[in-house]
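This structure is a prediction, so every number in the text was calculated from the model and none was measured. Position 1 is the first residue of the sequence, and the numbers go up from there. Excluded from the calculations below are hydrogen atoms, water molecules and symmetry mates; all remaining heavy atoms, backbone and side chain alike, are included.
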Amino acid sequence: FWPVGSKPRMAMALMLFLGLRGGDVRLLGRQHIAGAIVRVKPRKTAKHRKAAPLELPILPELQKVLDATPSGDLNLIVTEYG
């Protein structure tokens, strides 16, 4: 529904292609991306037990959205005020 390059599309693509909860997606930033892999430790899982960080592949469709959408450095999804 949302065009590639929009913030809602970025949020939806991150949740859809990485399988993360909204709370984890809002904290996701460039520091979690290494090449074509996203390394993240889900917050809800980490609270209950010692969980290893997930290593999730960045699929081509997600990469197109990441390349086309303006984002911050520490957070991929930012407000219009940065």
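- Each of Met10, Met15, Met12 was checked for a side-chain contact (heavy atoms from CB on, under 4.5 Å) with Val25, and the lone residue meeting it is Met15.
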Query raised in the report: Could you go step by step and tell me if Ile33 and Leu76 meet the side chain to side chain contact (heavy atoms under 4.5 Å, CB included) rule?
Result: CA-CA 10 Å; Ile33 299 174; Leu76 292 175; 4.3 Å; yes
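- Between Pro70 and Gly5, the closest heavy-atom pair is CD-O, 3.8 Å.
- The minimum heavy-atom distance between Leu27 and His32, with the atom names listed, is O-CE1, 3.6 Å.
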Query raised in the report: Does the pair Leu54 and Leu56 meet the rule for a side chain to side chain contact (heavy atoms under 4.5 Å, CB included), with working shown?
Result: CA-CA 6 Å; Leu54 298 175; Leu56 307 166; 4.2 Å; yes
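- A salt bridge does not link Glu55 to Lys41: none of the charged nitrogens lies less than 4.0 Å from a carboxylate oxygen.
- Contact annotation: the side chain of Leu20 never approaches that of Leu14 to less than 4.5 Å [non-hydrogen atoms, C-beta and beyond].
- Taking each heavy atom of Gly35 and Ile58 in turn, the nearest pair found is O-CD1, 4.1 Å.
- Closest heavy-atom contact between Pro3 and Arg9: O-CB, 3.4 Å.
- Shown here for Glu61 and Phe17, the closest heavy-atom pair between the two residues is CG-CZ, 3.4 Å.
- Residues Val78 and Gly72 share a closest heavy-atom pair of CG1-N, 3.7 Å.
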Requested in this report: Go through the steps to decide whether Asp24 and Leu18 satisfy the test side chain to side chain contact (heavy atoms under 4.5 Å, CB included), and finish with yes or no.
Outcome: CA-CA 10 Å; Asp24 294 325; Leu18 297 177; over 6 Å; no
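- Between Arg30 and Ser71 the shortest side-chain heavy-atom distance falls below 4.5 Å.
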Report task. Determine, step by step, whether Val40 and Leu28 satisfy the side chain to side chain contact (heavy atoms under 4.5 Å, CB included) criterion, reporting the C-alpha distance in whole Å, the side-chain angles of both residues, the deciding distance to 0.1 Å, and the verdict. Result -> CA-CA 8 Å; Val40 63; Leu28 198 61; 4.3 Å; yes
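- Here the options are Val65, Asp67, Leu66, the test is side-chain contact (heavy atoms from CB on, under 4.5 Å), and the partner is Thr69; only Val65 passes.
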